[in-house]
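Working notes, structure below.
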Protein chains: 2
Amino acid sequence: MTAVLVIEDDDRIRLALLLALEEEGYTVRGAATAEEGLRSQRVEPADNVLVDLMLPGIDGFECIRQLRRDDDVPIVVISARDDTHDIVAALEAGADDYVVKPVAVKELSARLRALRRRGRAAVAAVQVFGDLEISADAGEVRLGGQLLSLTRTEFRLLCELADHAGKVLSRQQLLQRVWGYQTGDERLVDVHVGRLRQKIETEPANPRHLVTLRGLGYKLQR
Amino acid sequence: MTAVLVIEDDDRIRLALLLALEEEGYTVRGAATAEEGLRSQRVEPADNVLVDLMLPGIDGFECIRQLRRDDDVPIVVISARDDTHDIVAALEAGADDYVVKPVAVKELSARLRALRRRGRAAVAAVQVFGDLEISADAGEVRLGGQLLSLTRTEFRLLCELADHAGKVLSRQQLLQRVWGYQTGDERLVDVHVGRLRQKIETEPANPRHLVTLRGLGYKLQR
DNA sequence: GGGCGTATGACAGTTGGGTGACAAAAGTGT
DNA sequence: ACACTTTTGTCACCCAACTGTCATACGCCC
């Protein structure tokens, strides 16, 4: 069962949303202010949070920031008008998606589903690949619980690959994203991948996570 | 003949893209600003539009919105880094797909084709042909859930066929699209189709997916 | 059955990628 | 500023995997 928290000050809209979401099969709870919403989320975290941007007291942006500080819950913004500035700012504050009022519940529901499916995994605090754990924020990587010491380049490379878990990244793409080179010797990537493998693979000769796709590039998989 | 409009402010990138697309058989036109691009599209609409997100003056998002207002043309976003926010925002603004720089022209071309065929529906990550699953992003192909290991050529060949599911492709066309050869020995295609069949068909002798049309070419079917 | 188009196995040349060595560069502490 | 350590990028070499060609075998269609 999926729980949704709706933070919205307008009673009518909040109630309408809660009823509609309940109808869709969600467990719902509501909050009329950011403070109330944050408290609610701290006490009993929901799986999705909907936040109106225009709130009395602590506003929506700050609310998003605080929610995001504690938690990786998917946040969907409800915005009054579709003002690009507001939306960009909200996404920058850490929101994952937004809908514009008046809210079509079917659409909202679809987005919640999509968000949950897509998951915030890509930007989650700790990414897990079997016995490999990467916590980008803390700058730590563990293999079977054992803390590894990676160089900066290795770490960036790993993060880049982890951010695209399961997708192939070409040497070209890695050169650009990790090194910022527009052009350069692709063999550089090979060497660093090799070094990274020595550290993150229990058996570097046949890697289980950081795999090569001949002619395509590299991929990090679970 | 398919016309593509590229709206990108960086001269080098724009020119490179235009040349590459021309090479692929598209009619191309370029624009360095959103204004110029919008005007061009109004005067002489292209069949696909590529838009960079970072543009001087009117930015990419606004440009997409305005393009979408007048027209149903498929829009592909070119984004510098793959920042989830940017991409979500671009898709919200009305883009249909996106590619991340540095752009692999083959990939781009495939997406354009796919977009045109599917007509503005998002490009599926995984294509399914009965018990055969192709995930281009992950560089993975599965037969009955079992992961196959294809060579680069086999993979490209398969993708090319999959992008034209159900349509016959002549050896000539395949030579050109997969190998980039303007001319060459068509037997080469046979050999690789054969090798591919050994891997993707449960019964290579009478193929169910990758079928030969005597005198015409090959076809991948569901 | 004959002829043409297609499948396939073998082979040699080529390519792509892993790796260790090394020098330059960056970082660190005194 | 200096000496020392760590990290980074380049290079050369090697091997496994892949590619393209060819010869031969097969099978469809008239």
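Below, chains carry the letters A, B, ... as their sequence lines are ordered, and counting in each starts from 1. Not measured: the values here are computed from a predicted model.
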**Study point:** Near-strand residues of residues 188-214 of chain A, defined as heavy-atom separation under 4.0 angstrom from DNA chain D
**Key:**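 The answer is A/L188, A/V191, A/H192, A/R195, A/R214.
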
Review point. Side-chain donor or acceptor of A/R171 under 3.5 Å from a matching atom on the base of C/dG16?
Key: no

Whole Å only: how far is the [atom1] atom of [X] from the [atom2] atom of [N]?
{"X": "A/L150", "N": "D/dT6", "atom1": "CG", "atom2": "C1'", "result": "14 Å"}
{"X": "B/K219", "N": "C/dT6", "atom1": "NZ", "atom2": "C1'", "result": "17 Å"}
{"X": "B/L216", "N": "D/dC28", "atom1": "CG", "atom2": "P", "result": "16 Å"}
{"X": "B/R187", "N": "C/dG9", "atom1": "CZ", "atom2": "C1'", "result": "16 Å"}
{"X": "B/R156", "N": "D/dC18", "atom1": "CZ", "atom2": "P", "result": "14 Å"}
{"X": "B/R152", "N": "C/dG17", "atom1": "CZ", "atom2": "P", "result": "7 Å"}
{"X": "A/L174", "N": "C/dG17", "atom1": "CG", "atom2": "C1'", "result": "15 Å"}
{"X": "A/L175", "N": "C/dG17", "atom1": "CG", "atom2": "P", "result": "13 Å"}

Please tell me if [X] has a side-chain N or O lying less than 4.0 Å from either OP1 or OP2 of [N].
{"X": "B/W179", "N": "D/dG20", "value": "yes"}
{"X": "A/T153", "N": "D/dT8", "value": "yes"}
{"X": "B/T151", "N": "D/dT19", "value": "yes"}

Point to revise | Short N-O contact, B/R39 and B/E36, less than 4.0 angstrom | key: no

Exercise for review: For B/Y218, report the nucleic acid contact type (base, sugar-phosphate, nothing); a contact means any heavy atom under 4.0 Å.
Suggested key: sugar-phosphate

Check your understanding: Has the side chain of B/H192 got a donor or acceptor atom that lies under 3.5 Å from a matching backbone atom of B/T153?
Key ->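 Such a contact is absent between B/H192 side chain and B/T153 backbone.
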
Practice item. Keeping the roles fixed (side chain from A/E203, backbone from A/A205), state whether a donor-acceptor pair exists under 3.5 Å. Key: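 Side chain of A/E203 to backbone of A/A205, a donor-acceptor pair under 3.5 Å: no, none is there.
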
Point to revise | Value rounded to 0.5 Å, distance of CG in B/L38 from OG1 in B/T33 | key: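 Separation between the atoms: 8.0 Å.
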
Practice item. Applying side chain to side chain contact (heavy atoms under 4.5 Å, CB included) between A/E201 and each of A/V211, A/L132, A/L210, A/N206, report the one that passes. Key: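 When side chain to side chain contact (heavy atoms under 4.5 Å, CB included) is applied between A/E201 and each of A/V211, A/L132, A/L210, A/N206, only A/L210 qualifies.
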
Point to revise | Sole candidate of B/L157, B/T212, B/L169 that passes side chain to side chain contact (heavy atoms under 4.5 Å, CB included) when paired with B/Y218 | key: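 Going through the options one by one, the only one that passes is B/T212.
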
Review point. What residues form a side-chain hydrogen bond (donor to acceptor under 3.5 Å, both in side chains) with A/E186, not counting sequence neighbours?
Key: A/Q172

